[in-house]
Structures are given as C-alpha cells and as structure tokens.
Amino acid sequence: MVRFVLQRLALTLVVLIGLSMLTFFVARIIPADPILLAAGPRASEAQIQLLRERYGYDRPLVEQYVRYMGDLLRGDLGTSVVLKRDVGPDLARYFPATLELVLAALLIGVLLGVPLGLVAAVYRDRLPDQISRVFSLGMVSIPNFWLAIVLQLILAFTLTILPFTGRFDRLLHPPPTLTGMYTVDALLTLNFEAFGTALRYMIAPAFCLSLGALATIARTVRADLLDVLGTDYIRTARAVGIPTSVLILKYALKNASLNTLTQVGLFFGYTLTGSVLVENIFSWPGIGNYAVSAALTKDFVPLMGVTLLTGFAIVLVNIVTDFFYLVLDPRIKYTS
Amino acid sequence: MRLRSLSLLVMVVLMAVLSVSAVGAQDAERPVVMYSLVELYTIDPAVGFDQAIGSTLKQVYDSLFRYVGNPPTVQPWLADSYTVSDDGKTYTVALRQDAVFQDGSPVNADAVVYSAERLLRVGQGAAGLFTGVLSPGGTTAVDANTVQFVLNQPYGPFLDILTWLFIVNPAVVEANKGDDDGVTYLTNASAGSGPYMISNWLPGESYEFTANPGYWRGWPNENYATKVTRVVTRESSTRRLGIESGEADFVDWMSVDDAVALDGVNGIMGAPGPTLTVYDVKMNTVDGPTADVNLRHAIAYATDYDAMLAIWGGRGSRLAGPLPPSLSGDAQPMYNRDLDKAREALAASAYPDGTALEYVYVTGLEDERRTGLVLQDSLKEIGIDVTITAVGWADAVATFADPTTAPDLFPLYSGTAFADPDNYLWASFHSSLAGNWTNPGHYGNPAVDALLEQARATVDAATRADLYNQAVAAILADSPNLFLATTPEDHIVGPRITNYAAVYSPVMGSMEDFYFFAVGG
Amino acid sequence: MADTLVEIRGLKLEFSGFDGVSRVLDGVDLTLKRGEILGIVGETGSGKTMTALSIAHLVPNGVLTGSVLFEGEEVLTKSGGALQRFRAQRLGMVFQDPTTNLNPVFSIGELLTDAVLVQKYGIPGWKLLPVGRWFNRRQRQQAREEAIALLDRVGIPDAAHRMNSYAHQLSGGQKQRVLIAIALAGNPDLLIADEPTTALDVAMQAQILRLIQELVRERNMSAIVITHDLGVVARICDRITVMYGGIVAESGTVRDIFENPKHPYTKGLLEAIPTDQVERGMLRGIHGAPPSFLKPPTGCRFHPRCPARMSHCHLHPPAVARIGPTHETACYLYTDERHA
C-alpha cells in the first residue's frame, strides 16, 4: 500500500513537470505579449521595458522556466502581469470555491444518479425505467448553463426561494477559512447556520454542474446492476434466501459501483475544467473565470498556476479513485 | 469512556461559542449594489486605469481637479485656485486648506509632489497621460499648500489630465512601501482622502465601500450611499435579472437590447447621453488594398451609415469625424452613402474591379459583429468582398504591431480618459502611436502630426480649436477610419438611485461616481 | 414415516422468445421423501435444473404451471417476503461452478455471516446494509462465530483466519465447501445441489460428495442432487429420477435403476458409465442430439434417438408404467396407455 502511494506520487510529479513545461512553452510561443497589454495604450517604451524587467520577461525562455519552477518549489507561484497581484493567494481563494462546487456536484450526481439507476434497473423496461431514461437523456442534452439561467430565473427571480448569485450572504461573514470551502469550514467549526447559508447558495449551481455526471452515473449504474443481477452469485444469494433489498443494495451495488467510480473520477476533471459558464451565471468566484481571463489576456503566470493546480487535483483524484478500487474490489492488486 | 464524554463536552462548548459568534453579524442597512462585468484589479492610482477602476479611485482618493456633469467640465477639487504662466509651461495650484486624508492628516503640497513623483516612478496606468508632458522632478512644493508643475512643453489639456493624478497619503504608502513602491499594498488599501473607505475586498468577487461620514468636502446629498458593493457578475443575463429583481441597483456593460427592454420598467432607466464614446472602423493605411486612399474613399462612400446606426436601436448618433459631438460642435459628416461617388473613387483606385478585405473583430462583441455584417452588405455593392473573422482581444492586439499582420478593417471603441480633442486625436492619429491598439491601421501623416503637436503645446483655447479643426480636416481627407457612431451608455440604473440623470458624467471613470448618488427607498 | 417433503405434480415451464414458445418442462411429476437423497439425472437441457429451481420458485421469467408442494404447502404461489423466508429457512442450494457463484467482492466471512443472520436468525434485510448493521453488532458477532464453526465443519482449515479471504484466494474445492456452508447456514430441510462437482477435479469430486452425504445424514435433511453423471448418484443417492427432454423418463431406487433399467434412454446412460467419459450435451451409447424445445418431437420425445423405437411411439406421449413398488417408467415397451 505504501509502495502504491509512493509510486503514484512519483508518477504525479512526472505528470506535473510535463504539464508545466507544456503550458509554459506553449503559452510563451504565442506571439501576444502580456506586458504590452498590461502596460496600457499610453505606456512609453521605457515604461514597457521597466515592466519587462520587473517581471523577468527580458530573460531567455528556458531561464524564465527554470526560475519559475524554482520559485514554485519555494511556494511562490509568481505574480500576474495583468492583475498585478500574486497568483498564490488568488488560487487559494478561487480554487476551493470551484472545488467545493465540483465536489458538491459530484455528490449530487452520485446521490441522485445511483438511486435513479437503481430504480431503472429494478424496474427494467417498465415505467420507472422509461422515466429515468428520458430524464437522463434530457439531463445530458440540456446545456448546464441554460439550465442555470432557467433555475436562476425560477428559483431566485420568480420564487425568490434561493439566493441570486454569489457564495454567501454579502451582509454576513463567511465561516473562518480552514479549507476555503464554506460548507466544509462551517461544519468543521460546527457553525450550522453558516452551513445552511452556504448550502443555499451552492445548491443551484452545484445541481446545474451535476447534470452530466448525474445522467451518466444513472445509466452506468443501471447497466452494471443489470449485468450483476444476472450473475450466478446473485442467483445463489437469492436461492439461499438473501432478501432482495440486500441483494441489490449490498451484493450487487458494490460490484456495480466500480464503473461508477470511474465515471466520478472522469467527471471530476471534466467538471473542474468546465465549470466556468455556470460560475459566471451565479457569479460564483471560482477558478474558471480566473483561468479564462488569464488565457484571454495571455497572462501566463496565473495560467500556469491554474493548470498545475488543476492537473494536480485531477491526478490526486485519480489516485484516490484507484485507492477506492482497491477497497471495493479485493481482486485488484497494484503491484509493480 | 471518560475520554469520550470529555470530547463531547468540548464539542458542545465549541458549538455554543461559535453559534453565538455567528449571530450579530447581520447588518440591517442594505448597501447600494452594483453588478459589474469587470474586476477591479487594483486601485493603486499609479497602476490602475480603466472605467471601473477610475470610478473607484474617485471614491477613495481625491485629485486636484475633477470632472463633473454632462458635458463634463473640469472643476477644482483639492485645488482652490490655479495660475498658468504665459509660456504655458508652469502651473501653480493652491490647495484647499480643509482637505484631510482618511487618517486625519492634512492633504498638503508634499503629498501632491509625492503622488506625482510616485505615479511617474511606477510608470503604469495614468502615467501614460503624463508621458512627454511632465517629467520626474517637475513637481515641486512652493509652500505647504501650493504646488507647482513645470511641464516639458506647453500642454493644453493639462488640467484635464490632472483629474487622473490622485493624491495618496505619503505616510501610509511609506509605511507599507515594500520592495515595489507600495504597489502591492495599494492594490486594495484606502490611502487617500476620498469619501469612501474599503470595508471588504474579495478580488474577482465583490468589493465593499463604506462612506466616511466626516468626508472633508461634506456630502452633496443627505441621503447619500453609506455603503456600496460592487459585485463581479460576468454573465449579462444575470446582470439583467439582477437589476430587474432589485438585487442590484446599478449594472454595467448591458446591451442596447437590454437597455431598450428595461427602460422605464419598475423605475429602471438607462444612463442618459450623449456619451463621449467614439466607435469607428480602423483601416490599414500601410499594407494591403486599404493602403490605397482612393479605395478608402470608396469604402467611406459605400458604407450604409443608417444601417450602422440601427445597431444601437436609434440610441447612438452619427459621428461627423473623429471627435464625439460634444467636442466636434455642429460639424456635419463628410462622408455619406453615395454609391456613385464610391464607384468613382473605386475606379480611381488600384482596384477598379473590386477586391477582398478581412474584417477582424473581438470575439463576443455583438455590436462589432453586426458592424461587420453591415459592412459586408455595403461593400458588396461596389464589388468588395468582406470576410469576417472573430479573434480574442489579446490575439488581435498582437497582430497590430506589424502592418503586414494588422487587419484590413478593425472596429474600435474609444472612450475618453479626459474630454479634450487631444485625447482622441493623438492616440488614434499621431504616427508615434502607429501599431498601438489605438492606431492599429498605422495611420501617419506628417501634416497631421505637426498640427497635433502644435495644438498640444498651445494654451489659448481659440487657437487650439482652430488647429484641431485643421487636423480633423486633414484626417478626414485621408479617410483612415470609418467614423460610425457615438454609442449609447451601457449602464442601467435601478429606482433606488434617484438622481442618476442629474449627476451622470460621460468621462471614463465618472459613470459610477457614487459619491454624488442620492439613495431612496 | 410416510411423510413426503416435496411433491411435484404436472409441472410445466414455458419460455416465450422471438422464435416462439419453448416448452422446457412438460408435465414433471416427482416425489421426495424426508431424509432421502434423490438424484436427478439427464443430459444438458433435459429440464433437471429447471425442476430443481422451481422448488425454490427461482425460475427466471418463464411461465410455470402445475404444483410444487413443500410439506403440503404450495410453493409456486409464494412471493415476496414469504418466498424469501421459505428459501432462507427451508432450502439450501449449491450450484455447479463455485467460481461464478461466490460474490467476488465480499469476504467469505461476510457472505457466510449474512447467510447465518438471514437464514437462522431471520433478521430483516436492512440490518445487513452498511448503516443497519450497526444496530446489529452483537448478533452479528454471534453469527460470525457460528459461521466459523460452519466453515470448520465443511472442512476449511484455519477457518477463523479464512473468514477474511475472498473467493479468488480459494481453490475450487474450497469455494464449493464455502457455498455448501452458506447453503446449510440455516439448517434447511432440503439441500438442492445442481451439478455440485462438475467443475471440480476428480479427487475433489469424491470429497465434496462425501461431505454432502455426511452433512445431509447428520442434519436429518433431504437432498436433491442434479447431475448428468450416474457415477455420482450411485455413490450417494437413495433414489434416482432420469429426465429427458422435459419429462421424467424413469424413476426408482438406485438398485432399481442400476440393476433393472427399463427405459431405453436409461439403458443408454448406463452404457456410458464404464468409459467414465461424459461429454457436454452428448452421451456415449446414445446417438443423435437432445430434442429441441421449440419443436419437440411428437409422441415420446425420445423416439427419434430410441434404439427400441416402435411404429406408434411418435404419435402420443406414453403414460407412466409402474414396474415395481418404487420403480416407474414412461415407455410404450411397458404400457399401451397414452399420457392423459
């Protein structure tokens, strides 16, 4: 087990170094010059040169990369030329917000998708299955940003039962920062009122983001459950009198959960990098916009930070997924 | 067992403490809320320079002079009076004696000198306005309340650009100087003498400002905004829903369609006009077919200006030339649609049988896309094919430096940092800025350069006006741009701001000047 | 003790498919006495497995008619909780391939403990689920002890330690022992073993058969052993039922069948024994293929392959002819009556 973790971490390092090089050099090969943009229309040559030196853009590219990586090792993520502030604190603020949203979305995807798939499998080809099928198809077909606008219109604007935008009541103080995820922080500090508030702000955007995962998980669970329910060992368990509820919820679901786990792992990366539209609509202060505006302004230092952090998170989640595989399926052993 | 009950006790106590501390955070007073597309990157006056930052700077800092009203006029603010030397190079400004920084220390001449020197030293943002005008060492304190600016050369609109010299509190900046002249610290610090202080700063999310009730100038309205929150809201549909629902009192970057739809609904209104925003299409004057002046004339005569105006739903107005109406007076457009003249000009050009041009616009800007479509239709009539390409802003700017990569046709909005012809003409038509994003077509004409330089150095208003008229005429003859429209304001205001029409000022950085707002309801 | 444990009468099973209706069982009659070990013998597709499954009402989505009485109680009308309790408390089933019949992702201890809890203590299902089992810890601990004892009894060495093993860590024989333990966890009245040794190597077959025999005897159970291997039945069974094409061809005591086989099919089967070479779907000594269910032969279903075929065999199915007090067969060689 220790060996497994170490191996994966080493692999992570390789992936991240590759990712950093790719991002760095591709971002810098593009001819757009962030310094020019940052300096503004009226800057003189001298002022531009000053900025160039200040941010080290006058050095050879390889030297810049080495310097960036060196700073990174010391925990310094660099400074954005356009935003004129350090990347580290920005990531520390934006990333947990998106992470919270993505994790909530995946949780919703699992909590709704699994029962939906379960019902569909149990009532195979009967009405509940048809409803589930139509629902899933609808969920993957609807663009999540469109649903976001509709939900906002209905829940916040017309019915006013959910807040309009943002992460937390702007007149209240959010819970103290431990993880940066408000719901988690609220729970950790046992501030249930804040938890409720944060939850109310999170529910609509998280639901919109969960659609793809929800629908896919529902279909996966249905297909896998049907496969498993047809196996000999389920028939045997049925024959020796194991109740149907246990057959489905315990004996079959654990087998069927392996593919679902894969889906969750995949959707983590997918949702993490695809959250920007939903974040925009709900003015969720997440990493999505930070990344998009950095990309649009060729502001490569924040871009590097986002890429590396997102890459790290995705690799990490994959390790966790692999780990869950180990737990769920005793037949799997990761050996070198 | 004992351990378990102990931890239970600790949890209960912790819960009690925390839930008590959570109560009482509620603030009954509802702030004025603005949903804004843009982020406030920084409010360091030596770094930040755009519409939103400018508006915010005016709340936290004061300047010697300030734009007020529509059409905007320069009013003394920290200044009490000023004199200009006969050669137009020395400005002596007497300061008001009652101005104090937010920490209570007086705003004196030393603070002005410090702020001016720091702006030039840091060299970003508004520093560009002073390039070639004021050099380091040019600002001196005559006495505690008098400051003197000695310019490199006479500069007509100097008072105008002084509206962008915000006075920082030297003691505060020095105490937080760091290794970058306080730039990091001033990103979100209140180190000024302005009417508002920053009470919460969440970059990219929201910014909260709380009024300083003892502001040295006092307040223009009894029911001023005691608290203002800018919420970054990137999605336009959310901004629209925000103002419709009353969640927001103020939104920016709204489309004309939204403005028309919302105007008058539940007391919502669009900002009044006219604005100082100029919208034109820049033509590449150095490379490609548009380098041919006759072809540019043909394009200018072939363009359907009425169809262009329809893009803004009747809310824009036709530009006579490179200047907005409030600066161009009663001048009439030189080019109107006349296909005969257009064909005549085309025949005289190197492309009598027409040609193909590329129109490049910034991804996502609907007005610019529609402009391209109108242009496509217009020019088809004289045998010019226009292809329309959308690119990101940064990518577009990257192509400007080299005339061979710069697009044939590129639409551009020009707002104004100060309401003077120099602001428009210098940036767009002086050859020194060819390849800059304000002059992507690399326009340059020695006669125009000379006129602009001369006008800049002239203090006498009438002489300046005459020089600018000559410059405009020369530019129009070259037809480097299609002068299309002065576009409507993109701000929409809710009913709680009761006096917006009266205090609106179209200069960049004045549209959200909430110091002047009166709040009802 | 004349008590009958299971009585099957006129059991018919039909499946509807795209090609039409398959009649898999066509009027099976079968009686099992208490304490008796019955062998059901036949080729693949003879209906022997379906007959056994119908006793547990475990036939997948076919139309089952007729009657299965278990201690005089109708099984085929049972459903839901009653059916589940019936299976849990009265029946134990062991299937052919121990590898596919053990859930791979649960430890055998988990599976066996669940079986004990459900079969012996009759606890509701939710208490086996991740949250519910928390309410049930003491009982579960007790059940675990019993599970270890059971494993020990079926011959798993170091049982307590083996509880944490998973299926893939056991040999085929051990898996089958575990499955037997699971089947017997609730002290059932009837053990149904469907080809319990087919997937095992020869040495292991004998051990498992002996284990089944021992357990059935010591627990006063009845058993039905389904096989195509007459060697198996000869070793442990009291009575034999020979099935062919969805009907009972011949039934009798082991002695009846082995010493005095009547039905030509039974005779063919017995000829195959000395070679000890049984191929899937085909038996030595009998030519031709098993009958189709979609279009079964008219009359006696065996007539196309029957070496003693008579001219009228293909017209109607024969009635059951009584050969001796315990011995019956359905063949026109011994009766002229048609099946009703």
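All chains are named by letter (A, B, ...) in the order of the sequence lines, taking the proteins before the strands, and each is independently numbered beginning at 1.
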Side chain from CB out, backbone as N, CA, C, O: work out which of these in [X] comes under 4.5 Å of a heavy atom of chain A, or both, or neither.
{"X": "V47(B)", "result": "both"}
{"X": "D180(B)", "result": "both"}
{"X": "Y35(B)", "result": "side chain"}
{"X": "T184(B)", "result": "neither"}
{"X": "V231(B)", "result": "side chain"}

What I want to check is whether the side chains of R170(A) and T165(A) have a donor and an acceptor closer together than 3.5 Å. yes

Give a yes-or-no answer on whether the side chains of T98(A) and E279(A) include a donor-acceptor pair shorter than 3.5 Å. yes

Please find out if less than 6.0 Å separates the ring center of F400(B) from that of W437(B). no

Close aromatic pair by centroid cut-off 6.0 Å: F49(B) and W164(B): yes

Pick whichever of T187(B), V183(B), L202(B) has the most heavy-atom pairs under 4.5 Å with chain A. L202(B)

Choice from T42(B), T399(B), T238(B), T363(B) maximising heavy atom contacts with chain A below 4.5 Å: T238(B)

So for L51(A), is it side chain, backbone, both, or neither that comes closer than 4.5 Å to the heavy atoms of chain B? side chain

Toward chain B, the part of L50(A) with a non-hydrogen atom under 4.5 Å: side chain

With a cut-off of 3.5 Å and sequence neighbours excluded, list every side-chain donor-acceptor pair involving residues 240-247 of chain B.
unit_1: R240(B); atom_1: NE; unit_2: E244(B); atom_2: OE1; d: 3.3
unit_1: R240(B); atom_1: NH1; unit_2: D258(B); atom_2: OD1; d: 2.7
unit_1: S245(B); atom_1: OG; unit_2: L241(B); atom_2: O; d: 3.0
unit_1: S245(B); atom_1: OG; unit_2: G242(B); atom_2: O; d: 3.1
unit_1: S245(B); atom_1: OG; unit_2: E247(B); atom_2: N; d: 3.2

Name all pairs fulfilling the ring-ring contact (aromatic ring centres under 6.0 Å, His included) condition that reach into residues 74-102 of chain A, sequence neighbours left out, sorted by first residue then second. Y94(A)-Y290(A)

State whether the side chain of N436(B) and the backbone N or O of T438(B) hold a donor-acceptor pair below 3.5 Å, judged by distance alone. yes

